[in-house]
Amino acid sequence: MTDYGQELTFGAFVTPAARPPLRAVELAVHAEDAGLDLVTFQDHPYQPSFHDTWTLLSFVAARTRRIRLSGNVLNLPLRPPAVLARAAASLDRLSGGRLELGLGAGGFWDAIEAMGGRRLTPGQSIQAVEEAIAIIRGVWAVDEPGGVRVDGEFHQAHGAKRGPAPAHPIGIWIGAYKPRLLRLAGRLGDGWLPSLSYLPDGPESLAELNKYVDEGAEAAGRAPAEITRFLNIAGQFTPNGGGLLVGPPEQWAEELADLALSYGTSGFILATDDPDTMSRFAQEVAPRVRELVAVERAG
């Protein structure tokens, strides 16, 4: 049993479909109205059927008032870190401190190369993430003297000016599945953001993967509980149970509460473009999960 004691967060993972143009925006507004805490969008800049995710995040920020926003996860090989840092700080300030920064090392390398990005090996892509985080945090560190200097192999900054500062401490959430990147998430990140569908053994995989995040945190002198554990999920509401997250809301709530208490997952992000499913998740599942977890923690 591993419960890191973190506050629970419930969000939506919305497809950034370009047609019809405002569909993804309307779903984000609905997520806020339904009571969710977070709305996120995948980032595939080479996909012509999708909006550019950063443009979409900016538009959604202007159309909403409360809900937090993040890429899930941003394609770092196609987004220069110094520019991304300044863009993130700007959007955070404009939105009243509602932006978080999900980062991915990249994966569809043929498409990335076609867009002008550099093809990297798995090891190189992890090193590139580490260099990028150093630059991003350096740009945000407005109280440090001098410019940002990072002499990386894949990302460099040669005295870049710092600022603006974000409106709040933006969380850097890292999408990761392999040990080296998981340890980096524990060492340098604020959150870990995997997808349940990519876990080889389902939820049971979280126990082993959490260990790598914890190892990275401890090696850096950090408490493992400092790293928020998110999880992208998918499911279907049905009258009767039919497997994990296939069943009535009470079943969903019990299963998600178990994930929180057994594996330390505190952020559940539902992949759906259906407003009714989104509403049920926000209004019938989320409150019950919070109740179940609070009772266990109090006992």
Side-chain angles (χ1 to χ4, degrees), residues 6 9 38 40 43 53-54 57-58 61 68-106 117-118 120 123-176 180-193 212-230 267:
Q6 297 162 338
T9 297
L38 174 70
T40 71
D43 182 36
T53 295
W54 195 263
L57 285 167
S58 301
R68 295 156 64 199
L69 314 162
S70 180
N72 190 351
V73 287
L74 294 177
N75 191 296
L76 189 57
L78 290 174
R79 299 193 180 275
V83 176
L84 179 60
R86 193 154 288 143
S90 298
L91 186 53
D92 193 55
R93 293 167 71 94
L94 290 167
S95 66
R98 293 190 286 126
L99 182 78
E100 310 296 346
L101 196 63
L103 294 181
R118 177 179 175 183
L120 302 178
Q124 289 173 332
S125 68
I126 294 169
Q127 182 179 338
V129 171
E130 181 165 358
E131 294 168 359
I133 291 174
I135 292 172
I136 291 167
R137 293 202 188 280
V139 170
W140 293 343
V142 295
D143 294 331
E144 293 188 10
V148 181
R149 296 190 179 278
V150 174
D151 189 19
E153 181 177 351
F154 305 103
H155 298 295
Q156 302 85 33
H158 305 293
K161 294 185 182 298
R162 302 180 190 272
H168 87 296
I170 295 175
I172 294 180
W173 305 343
I174 299 173
R180 185 177 165 191
L181 192 52
L182 289 165
R183 291 190 182 100
L184 186 147
R187 182 162 50 90
L188 299 176
D190 302 296
W192 169 42
L193 180 52
Y212 295 118
V213 178
D214 293 351
E215 288 173 4
E218 290 165 352
R222 308 175 70 194
E226 292 181 36
I227 296 88
T228 304
R229 321 298 164 114
F230 295 90

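Model, not experiment: these values are computed from the prediction.
Among all heavy-atom pairs drawn from A128 and H155, the shortest one is O-CD2, 3.1 Å. Across every non-hydrogen atom of A105 and P77, the tightest pair is O-CG, 3.3 Å. Shown here for V142 and R162, the closest heavy-atom pair between the two residues is CA-CB, 4.2 Å. Here the closest non-hydrogen pair linking E130 and L188 is CG-CD1, 3.6 Å. Looking at every heavy atom in both residues, D151 comes nearest to Q156 through OD1-CG, 4.3 Å. Pairing each heavy atom of A176 with each of L181, the nearest pair is CB-CG, 3.6 Å.
Within the model, atoms OG1 of T53 and CG of L69 stand 12.0 Å from one another, a figure rounded to the nearest 0.5 Å. Distance CG/L84 to CD1/I136: 5.0 Å, rounded to 0.5 Å. Atom CG of N75 is separated from atom CH2 of W54 by 13.5 Å, given to the nearest 0.5 angstrom. Put simply, CG on L193 and CD on E100 are 11.5 Å apart, with the number rounded to the nearest 0.5 Å.
At least one side-chain heavy atom of L103 sits less than 4.5 Å from a side-chain heavy atom of I133. Annotation: side chain of R93 is not in contact with side chain of P166 (no heavy-atom distance under 4.5 Å). By the 4.5 Å heavy-atom criterion applied to side chains, L101 and L74 are counted as neighbours. Within the 4.5 Å cutoff, side-chain heavy atoms of R137 are placed close to those of I172. Residues Q127 and L120 are not in side-chain contact: their nearest non-hydrogen atoms beyond the backbone lie 4.5 Å or more apart. Using a 4.5 Å heavy-atom cutoff, the side chains of D43 and R79 are in contact.
In this structure, the side-chain contact (heavy atoms from CB on, under 4.5 Å) partners of L38, at least two apart in sequence or on a different chain, are T9, T40, R68, S70, W173, I269.
Side chain of R149 to backbone of A157: no donor-acceptor contact under 3.5 angstrom is found. With hydrogens and angles ignored, the 3.5 Å screen pairs no side-chain donor or acceptor of R183 with any backbone N or O of E215. Judged by distance alone, with hydrogens and angles left aside, the side-chain atoms of D190 form no donor-acceptor pair with the main-chain N or O of E226 at under 3.5 Å.
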